[in-house]
Amino acid sequence: MSKVMIVTGGSRGIGAAISKAAAASDYAVAVNYHARADDADNLVREINEQGGTALAIKADISDPAQVKVLFEGVKSKLGVPSVLVNNAGTTGKICRLDEVEAETMSRVLGINTMGALYCSQEAVKLMSSKHGGCGGSIVTVSSIAARLGSPGEYVWYAASKAAVDAMTVGLAKEVGGEGIRVNAVSPGIIDTEIHALGGEPGRVDRIAPAIPMKRAGTAQEIANAVLWLCSDQASYCNGTILDCSGGR
Ligand code: NAP
């Protein structure tokens, strides 16, 4: 099996930690991004200067046509992927459901849910033995919001993550006999820019005291769980949703 990994939203935050950990585990990494080319280019340069192989590829994963181009690009430039990490995600601004714009909900579900479905669809077409592929692994970065529901913050985001949990369970059963394992990691609060982009830069400090371990997690701690799930060490994990939330 090839060692080629696609990380959606692999340019910063949790995705950047996954991209770096993948390169350190000898994967050639396709670092997908949407808007911030500089972040993606800097990360790719850092990985390549350290002897790894990485390539930045721009694509809005909420657009199925761009997802197809992304997968074609990875296949032609790095080879057939053996791992897809559905990591790209966004929350929209923190508010109640009766205050949020329809456009925000549509964008969040478009990226978090439809994006993961579109990418997983393309991955199955390339990896499944049913289509002549050599198998592989899909890991989705979900959220414990899927079971907490995020009241008063972003109920639509929680719904978008509950949907990818359902996708994980269903797709694992659908393609488990075709050489593909499908799993998810559900982070709790992780210290990245996503909270400031959601309008509350201090969210980590506000919530940390209520976490059983009394601290936020790091992007590296999520990357460790993702790399484990796609490794042979997790060879009998399929349809697993692994909480990585400090016990929250
Ligand atoms: P982040 O720091 O805001 O990074 C988001 C990444 O997604 C960036 O690389 C961004 O690329 C990319 N992205 C956004 N929209 C995209 C699109 N339409 N197409 C392709 N890429 C897109 O977020 P993060 O905290 O690392 O979150 C990563 C994942 O973890 C998300 O799925 C999030 O829901 C999940 N998660 C995070 C936390 C947390 O507390 N941080 C907790 C639970 C779950 P550009 O820079 O180019 O826009």
Side-chain angles (χ1 to χ4, degrees), residues 6-20 29-44 56-67 69-71 84-94 104 106-116 118-119 139-148 150 153-154 156-165 167-168 184-208 211 215-223 225-226 241-246 248:
I6 301 179
V7 185
T8 68
S11 54
R12 58 187 174 82
I14 292 170
I18 296 168
S19 297
K20 283 195 236 179
V29 193
V31 177
N32 160 250
Y33 68 100
H34 177 217
R36 298 200 202 166
D38 283 355
D39 286 349
D41 290 342
N42 289 339
L43 178 67
V44 161
I57 306 189
K58 178 179 164 80
D60 178 351
I61 60 151
S62 68
D63 175 354
Q66 292 187 42
V67 168
V69 173
L70 166 66
F71 275 76
L84 164 66
V85 181
N86 288 312
N87 166 76
T90 190
T91 60
K93 295 280 183 231
I94 289 173
T104 299
S106 178
R107 185 172 54 84
V108 171
L109 272 87
I111 297 168
N112 299 4
T113 306
M114 296 311 297
Y118 297 141
C119 290
V139 180
T140 299
V141 181
S142 180
S143 171
I144 60 163
R147 63 176 162 77
L148 297 181
S150 305
E153 293 194 314
Y154 22 62
W156 59 91
Y157 169 81
S160 77
K161 294 298 188 177
V164 296
D165 284 358
M167 176 193 81
T168 300
V185 173
S186 283
I189 301 270
I190 309 302
D191 196 1
T192 71
E193 217 181 324
I194 201 169
H195 310 291
L197 294 172
E200 190 185 353
R203 184 165 181 267
V204 166
D205 293 334
R206 174 172 63 84
I207 294 178
I211 298 169
R215 67 169 178 87
T218 65
Q220 183 63 51
E221 287 172 315
I222 303 306
V226 169
I241 299 169
L242 178 64
D243 277 9
C244 201
S245 63
R248 190 158 169 245

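Whatever order the structure lists ligands and atoms in, that order sets their numbers, starting from 1.
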Asker: Would you call Thr8 a ligand 1 contact, heavy-atom distance under 4.0 Å?
Answerer: no

Asker: Looking at every non-hydrogen atom in both residues, tell me the closest pair between Lys93 and Trp156 and how far apart they are.
Answerer: O-CZ2, 3.5 Å

Asker: Between Ala145 and ligand 1, which residue portion shows a heavy-atom distance shorter than 4.0 Å: side chain, backbone, both, or neither?
Answerer: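 It is neither; nothing of Ala145 touches ligand 1.
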
Asker: Does any N/O atom on Ile190 come nearer than 3.5 Å to any N/O atom on ligand 1?
Answerer: yes

Asker: Checking the N or O distance criterion of under 3.5 Å, is ligand 1 in contact with Ile189?
Answerer: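 No, since none of the N or O atoms of Ile189 sits under 3.5 Å from an N or O of ligand 1.
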
Asker: Please classify the Ala16 to ligand 1 contact at 4.0 Å (heavy-atom distances, strictly less than): side chain, backbone, both or neither.
Answerer: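 Looking at Ala16 and ligand 1, no heavy atom falls under 4.0 Å.
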
Asker: Nearest to atom 44 (C) of ligand 1 by heavy atom, Ser142, Gly217, Gly188, Gly89: which?
Answerer: Ser142

Asker: Quick check: does His34 get an N/O under 3.5 Å from an N/O on ligand 1?
Answerer: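 In this structure, His34 places an N or O atom under 3.5 Å from an N or O of ligand 1.
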
Asker: Which atoms from ligand 1 have a heavy atom of Thr192 less than 4.0 Å away?
Answerer: 2 (O), 24 (P), 25 (O), 26 (O), 41 (N)

Asker: Please could you name the atoms of ligand 1 that Asn32 approaches to less than 4.0 Å, counting only its heavy atoms?
Answerer: 20 (C), 21 (N)

Asker: Counting from 1, what ligand 1 atoms have a heavy atom of Ile14 closer than 4.0 Å?
Answerer: 26 (O), 30 (O), 37 (C)

Asker: Would Gly15 count as a polar contact of ligand 1, with the cut-off being nitrogen or oxygen pairs under 3.5 Å?
Answerer: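 N/O-N/O distance under 3.5 Å: no.
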
Asker: Answer with side chain, backbone, both or neither: which part of Ile144 has a heavy atom less than 4.0 angstrom from an atom of ligand 1?
Answerer: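 No part of Ile144 is near ligand 1 at this cut-off.
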
Asker: Which one holds for Ile111 and ligand 1: side chain close, backbone close, both close, or neither close, with close meaning a heavy atom under 4.0 Å?
Answerer: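 Ile111 to ligand 1: side-chain contact only, backbone stays beyond 4.0 Å.
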
Asker: Closer than 4.0 Å to some heavy atom of Tyr33 - which atoms of ligand 1 meet that?
Answerer: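 Taking each heavy atom of Tyr33 in turn, ligand 1 has 47 (O) under 4.0 Å.
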
Asker: Is it true that Asp243 and Arg147 make a salt bridge, defined as a side-chain N closer than 4.0 Å to a carboxylate O?
Answerer: yes

Asker: Taking distance alone, with no angle check, do Ile61 and ligand 1 share an N/O pair under 3.5 Å?
Answerer: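 N/O-N/O distance under 3.5 Å: yes.
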
Asker: Report yes if Ser11 has an N/O atom closer than 3.5 Å to an N/O atom of ligand 1; otherwise report no.
Answerer: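 Such a contact does occur with ligand 1.
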
Asker: Short N/O distance, under 3.5 Å, between Lys161 and ligand 1?
Answerer: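 Yes, since at least one N or O of Lys161 sits under 3.5 Å from an N or O of ligand 1.
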
Asker: Does ligand 1 have a heavy atom under 4.0 Å from the side chain of Asn87, from its backbone, from both, or from neither?
Answerer: both

Asker: Report, in ascending order of atom number, the atoms of ligand 1 lying under 4.0 Å from any heavy atom of Tyr157.
Answerer: 33 (C), 34 (O), 35 (C), 36 (N), 43 (C), 44 (C)

Asker: Is the shortest N/O to N/O distance between Asp39 and ligand 1 below 3.5 Å?
Answerer: no

Asker: State the atoms of ligand 1, each with its element, that fall below the 4.0 Å cut-off from a heavy-atom position in Ala59.
Answerer: 19 (N), 20 (C)

Asker: So which atom in Val67 and which in Ile61 form the shortest heavy-atom distance, rounded to 0.1 Å?
Answerer: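 Residues Val67 and Ile61, closest heavy atoms: CG2-O, 3.4 Å.
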
Asker: Can you tell me if Thr90 has a non-hydrogen atom under 4.0 Å from ligand 1?
Answerer: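 Heavy atoms of Thr90 never come under 4.0 Å of ligand 1.
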
Asker: Please find the pair of heavy atoms, one from Gly89 and one from Asn112, that lie closest to each other, and give the distance.
Answerer: CA-OD1, 3.2 Å

Asker: For ligand 1, indicate whether the residue Asp60 contacts it via side chain, backbone, both or neither (heavy-atom separation under 4.0 Å).
Answerer: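 The answer is both, backbone and side chain.
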
Asker: Kindly determine whether Ser11 and Asp39 satisfy side chain to side chain donor-acceptor pair (under 3.5 Å), including the steps that lead there.
Answerer: CA-CA 6 Å; Ser11 54; Asp39 286 349; 5.7 Å; no

Asker: Check ligand 1 against Gly13 and write out every atom of the ligand that is under 4.0 Å from a heavy-atom position of the residue.
Answerer: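 Listed by number with element, the hits are 2 (O), 26 (O).
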
Asker: Got an N/O contact under 3.5 Å between Gly9 and ligand 1?
Answerer: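 Yes, at least one N or O pair falls under 3.5 Å.
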
